[in-house]
Protein chains: 2
Amino acid sequence: MDSSQDIFKAIADPTRREIIHMVSKQSLNLNSVAEKFDMSRQAVSLHVKILTDCGLIIIKKQGRERYCEAKLDSLREISAWVEQYKKFWESRLDSLENYLLKIKSAPKNAKRKK
Amino acid sequence: MDSSQDIFKAIADPTRREIIHMVSKQSLNLNSVAEKFDMSRQAVSLHVKILTDCGLIIIKKQGRERYCEAKLDSLREISAWVEQYKKFWESRLDSLENYLLKIKSAPKNAKRKK
DNA sequence: TATATTTGCAAGTAAAGACTTGCATATTTA
DNA sequence: TAAATATGCAAGTCTTTACTTGCAAATATA
């Protein structure tokens, strides 16, 4: 019912992430998408619906077919969310690097703290 | 049962994202985390368990308290996933910028295509 | 030692999620 | 027009998720 479906939930499902990946390479009609999965067409169709609901995919009618086209703008929200924590793992990397540099440059028989 | 819990599912829940946000600022014991939410302590505790299962939070015992500490390294997986699609929305931005530049620099009475 | 505090564990519930099967509809092709 | 193709809609099932309440265990404080 919520017109802007939760994008975090949308990408939480591996099937949906795979659908995103497929249609990001080329637009595909529903059956082509469904064929790749070991589940019913309707199940895939439902996943696609969830993706269109949150705007990650748009549907373009072409005769009796519906082509799924990737429109990944709203992934920016995910990006923004995760990037705010980037310093966390970057600083961890930094301190690992510092540590490695330190033990590398330390005198061989330096006392260890107990 | 999966030892490396699905991190995409872990961050799909808004409560868990808020917990991440809280403990990213300072380590908090379980009760302090739970107080902030309008749900039972056990419910929050379960969310914390999901976060520890996928390694986003580590628990440090201190007397009878357990402190939740953010360890957001594995968010890198999310970052990597979303960044692979960055060009999608960046190129869209580009074309918007180009469009804006174009109409800005266009002669005032230029003919519009019909 | 008695009591309060912090937490964990277990059982139960209610709602959402991920499917399935069956049938209807629209469009194309023979 | 009849048959094939692409899709949508609806009902039902099975599983997972997000909680709840109640009780037990460990630690701290009076």
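Labels below follow one simple rule: chain letters A, B, ... track the order of the sequence lines, proteins then strands, and each chain is numbered from 1. What you are looking at is a predicted structure, and each value in this text was computed from that prediction instead of being measured.
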Given atom NZ of B/Lys61 and atom P of D/dA26, what is their separation to the nearest angstrom? 9 Å

Compare the minimum distances between each of C/dC19, D/dC9, D/dT7 and the side chain of A/Asn29, then state the nucleotide with the smallest one. D/dT7

Looking at B/Ser45, I'd like to know whether one of its side-chain N or O atoms comes within less than 4.0 Å of OP1 or OP2 on C/dT7. no

Nucleotide D/dG22, atom C1' - distance to CD of B/Gln42 in whole Å: 9 Å

Euclidean distance, atom CZ of residue A/Arg17 to atom P of C/dA18 [Å, nearest integer]: 12 Å

Looking at the side chain of A/Ser40, which of C/dT21, D/dT17, C/dA10 is the nearest nucleotide? C/dT21

Of the non-hydrogen atoms in B/Trp89 and A/Asp73, which two are nearest, and what is the gap between them? CB-CA, 3.7 Å

With a 4.0 Å cutoff (strictly under), does any side-chain N or O of B/Asn31 reach OP1 or OP2 of C/dT5? no

Check whether A/Tyr67 and A/Leu46 end up in the same hydrophobic cluster, where Ile, Leu, Val, Met, Phe, Trp and Tyr are linked by side-chain heavy atoms less than 4.5 Å apart. no

Distance check needed: C/dT5 C1' versus B/Glu65 CD, whole Å only. 9 Å

Separation of D/dT15 atom P from B/Lys9 atom NZ, nearest Å, is 15 Å

Starting from P on C/dT7, measure out to CG on B/Leu28 and report it in whole angstrom. 11 Å

Residue closer to the 5' end of DNA chain C, B/Ser32 versus B/Leu46 (nearest nucleotide): B/Ser32

Determine, for B/Arg17 against B/Asp13, whether the closest basic-nitrogen to carboxylate-oxygen distance falls under 4.0 angstrom. no

Which heavy atom of B/Cys54 sits nearest a heavy atom of B/Ser74, and at what distance? O-OG, 3.6 Å

Map B/Arg66 and A/Ile50 onto DNA chain C by nearest heavy atom, then report which one ends up closer to the 5' terminus. B/Arg66

Nearest-nucleotide check on DNA chain D, A/Leu30 vs B/Asp13; residue mapping nearer the 5' end is A/Leu30

Spell out, as yes or no, whether a donor-acceptor pair under 3.5 Å connects the side chain of B/Glu83 to the backbone of B/Ala80. no

Given C/dT7, D/dT20, D/dA18, identify the nucleotide with an atom nearest to the side chain of B/Arg16. D/dA18

Just compare C/dA18, D/dC19, C/dG8 and give me whichever is closest to any side-chain atom of B/His47. D/dC19

So, under a plain 3.5 Å distance rule, would you say the side chain of A/Arg64 forms a donor-acceptor pair with the base of D/dG8? no

Separation of atom OH in B/Tyr67 from atom C1' in D/dT27, rounded to whole Å: 14 Å

Whole-Å distance, A/Ile59 CD1 to C/dA26 P, equals 18 Å

